[in-house]
Number of protein chains: 2
Amino acid sequence: MTSADVAHRAGVSTSAVSYAFNGRPGISDETRARIHAAAKELGWRPNSAARALTGARAGLVGLVIKRPARSLGTEAFYADLIAGLQAGLQEQHVALSLLVASDLEDELAIYREWTRDRRVDGVVLTDPRQGDARLDLLAALGLPAVVLGNHPSPPGQAPTVWIDDGAVTTSLLEYLWALGHRRIARVSGPEKYEHTLRRTNAMAAFLAERDAAPAEVIATDYSESEGAHAARYLLSRPAPPTAVVFDSDVLAVAGLGVAQEMGVRVPRDLSIASFDDSAMARLVRPRLTTMSRDTVEFGERAARLLLRQLDADGPVASEPGPVVTLSVRDSTAPPAAR
Amino acid sequence: MTSADVAHRAGVSTSAVSYAFNGRPGISDETRARIHAAAKELGWRPNSAARALTGARAGLVGLVIKRPARSLGTEAFYADLIAGLQAGLQEQHVALSLLVASDLEDELAIYREWTRDRRVDGVVLTDPRQGDARLDLLAALGLPAVVLGNHPSPPGQAPTVWIDDGAVTTSLLEYLWALGHRRIARVSGPEKYEHTLRRTNAMAAFLAERDAAPAEVIATDYSESEGAHAARYLLSRPAPPTAVVFDSDVLAVAGLGVAQEMGVRVPRDLSIASFDDSAMARLVRPRLTTMSRDTVEFGERAARLLLRQLDADGPVASEPGPVVTLSVRDSTAPPAAR
DNA sequence: TTGTATGCGTTATCAG
DNA sequence: CTGATAACGCATACAA
């Protein structure tokens with residue numbers, strides 16, 4: 001079953017079939033329709049390997065995950081993201097190829113190889129950093145990309161689907177402030193990520209505006225153990241915070257466990273909130289107050305933006321991601337009078 | 001950069017390069033080494049699209065996930081599995097392609113398409129059922145597969161990496177029985193899955209041997225809501241169980257939440273155990289007693305078995321998966337005297 | 001043991 | 001608008 005069969009069936013040449021399936025001019029609407037009909041009858045679709053060989057689409061989009069492989073299952077983020085990317089790509093019969101890289105060098109090598117072999121048509125980038133080496137490489141390679149970022153990308157760079165982490169931080173802090181919290185600490189992710197930095201800056205600005213003391217921020221690698229450690233440290237201070245915000249829900253749940261072990265009642269003695277929502281935040285008791293964003297939709301939008309990018313001649317514009325809303329649950333309350 | 005370049009550099013013909021890279025005879029060890037050296041210097045590796053076109057390897061393995069896309073992130077199982085598959089495949093530079101199917105028809109269509117386009121070299125199957133239609137199709141298509149199953153596969157069928165869910169069930173029940181529990185209920189997954197059935201049968205046999213009353217088993221679709229509903233029902237009975245085992249940790253955590261809401265103390269009034277371990281089981285309080293299996297390793301073994309299958313001429317044998325051990329944590333205790 | 005010729009299914013080029 | 005024909009990069013029978 002080849003394009004020649006379809007051409008024969010439709011009474012045209014193979015190039016007509018090619019034109020019809022690549023939406024290019026030089027063919028009448030009537031023949032185009034006839035060709036599509038013939039292909040449908042025969043159940044034919046262009047062979048992706050042959051396409052990739054001639055430099056056309058591979059029908060595959062890549063995602064490199066740079067986290068320790070073991071931690072993948074711990075956080076729902078990547079799973080949700082993958083589900084969303086999937087959904088967005090499937091509309092155009094594009095598949096997702098997944099690779100786990102152990103470090104930056106690895107990741108860059110993968111992009112080089114993918115480009116060389118025309119293995120993927122484009123890639124999705126997560127966790128952008130400042131002066132991200134990956135963006136330079138991808139630009140040099142000419143490999144289309146979209147970034148899950150926190151601001152629109154500068155012209156000439158890969159477009160982002162962005163969520164303003166600064167604004168999200170401010171929203172959460174406004175809520176805690178309104179409850180009466182004045183000693184708010186934060187257990188964050190690694191400082192190298194842009195979203196971590198943006199949150200840090202927004203938090204500093206928020207507190208400075210209100211003449212409050214700067215927040216204590218403890219950076220972690222997102223692991224349960226570092227989250228627990230940070231929580232233990234904060235709760236052991238002479239004047240412990242009355243509220244702690246965590247950059248991810250794994251950190252928050254680890255922190256909640258520590259509080260419970262230490263006899264600190266949540267939310268009576270301590271309010272806990274997370275920047276990340278997931279099933280786990282809803283399943284633990286007390287249920288966690290979180291900033292919730294629809295990660296699946298985030299992925300879907302990224303997928304669609306990438307597909308548009310692949311079709312476009314020039315650069316496409318960044319666009320905002322899903323709305324982030326505050327889900328108030330049971331882990332936050334006004335601070336107890338002391 | 002093509003095989004011709006490498007051939008030129010090594011002073012041989014392109015076929016010699018092909019032979020060298022496909023490990024076939026007809027070439028001296030010395031030339032083979034020279035060819036590999038030349039390839040390494042030039043940073044050349046066979047183009048996967050071209051390979052796929054000639055009927056050789058595509059360098060891609062497929063995994064179809066047949067769950068509602070939204071639920072992917074809830075359970076750690078798939079994320080861990082993917083991480084493991086990744087790790088196993090990477091050794092041979094094989095990538096993983098992921099697709100989410102909404103139903104069986106979808107899934108079968110994907111296999112047909114993948115075969116037709118030589119898009120993947122093999123696939124990994126999860127959640128086998130009795131008389132699984134997918135196995136018949138894959139056999140008919142000649143698409144290599146491995147199954148994450150619960151017993152060695154019958155001859156002629158795709159090999160499995162298997163975990164004996166019956167034995168796992170017995171282990172867990174033995175522990176609960178030894179603690180003194182006599183009214184043990186179970187909140188299970190869908191009955192259509194083989195592993196669900198095996199657990200059901202093992203549990204029935206276990207209780208029958210001890211002349212105990214048959215267990216109450218409530219089937220769910222693995223969702224939080226059905227898990228909570230089942231737990232609520234069980235705890236509202238006139239003579240509620242003293243222990244409940246859950247088929248997954250999401251179900252168990254949902255059940256734990258219900259118990260806490262109803263004022264049932266765990267483990268004092270109720271013991272809870274799960275067949276599935278993950279970070280969540282360790283993060284909630286009380287921490288859950290689970291049967292823990294290394295899902296990442298499960299995936300790694302499946303990947304390696306599939307790679308072996310791809311290299312082999314005939315069928316390869318099924319093999320046991322990772323060992324499942326009981327992780328006793330804080331959610332189980334002897335039943336309170338009533 | 002090595003080289004040569006051919007095909008895989010598509011797209012691109014260029015005459016018609 | 002259409003129809004040949006040449007790539008694309010590799011594998012493989014076959015000849016040397």
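Here is the naming used below: chain letters follow the sequence lines, and residue numbers restart at 1 for every chain.
- For the helix from C/dT1-D/dA16 to C/dG16-D/dC1, the end axes, each set by the C1' atoms of five terminal pairs, are bent relative to each other by 40° (nearest 10°).
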Summarise how protein sits on nucleotides 7-14 of chain C as a single string, 5' to 3': B when a protein heavy atom is under 4.0 Å from the base, S for sugar-phosphate-only contact, - for no contact.
BBBBSBB-
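- The interatomic distance linking B/H8 (NE2) with C/dT2 (P) rounds to 17 Å, in whole Å.
- For the residue pair B/T126/B/Y78, the side-chain donor-acceptor check at 3.5 Å is satisfied.
- For B/R119, there are no salt bridge (charged side-chain N to carboxylate O under 4.0 Å, His left out) partners two or more places apart in sequence or in a different chain.
- Rounding to whole angstrom units, CG of residue A/D117 and P of D/dC8 are separated by 16 Å.
- Contact check on B/E107 versus B/K66 returns a salt bridge, with a Lys/Arg side-chain nitrogen under 4.0 Å from an Asp/Glu carboxylate oxygen.
- The stretch residues 94-104 of chain A participates, sequence neighbours left out, in these side-chain hydrogen bond (donor to acceptor under 3.5 Å, both in side chains) pairs: A/S102-A/D106.
- Take A/R308 and apply the salt bridge (charged side-chain N to carboxylate O under 4.0 Å, His left out) test, not counting sequence neighbours, and it matches A/E319.
- Proximity of B/L143 to B/V120: side-chain heavy atoms (C-beta onward) are separated by under 4.5 Å at one or more points.
- Residues meeting the salt bridge (charged side-chain N to carboxylate O under 4.0 Å, His left out) test with A/R45, sequence neighbours left out: B/E113.
- A/I27 places its CD1 atom 9 Å from the C1' atom of D/dT2, with the value rounded to the nearest Å.
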Walk me through whether A/S153 and A/T160 qualify under side-chain hydrogen bond (donor to acceptor under 3.5 Å, both in side chains).
CA-CA 6 Å; A/S153 68; A/T160 60; 5.0 Å; no
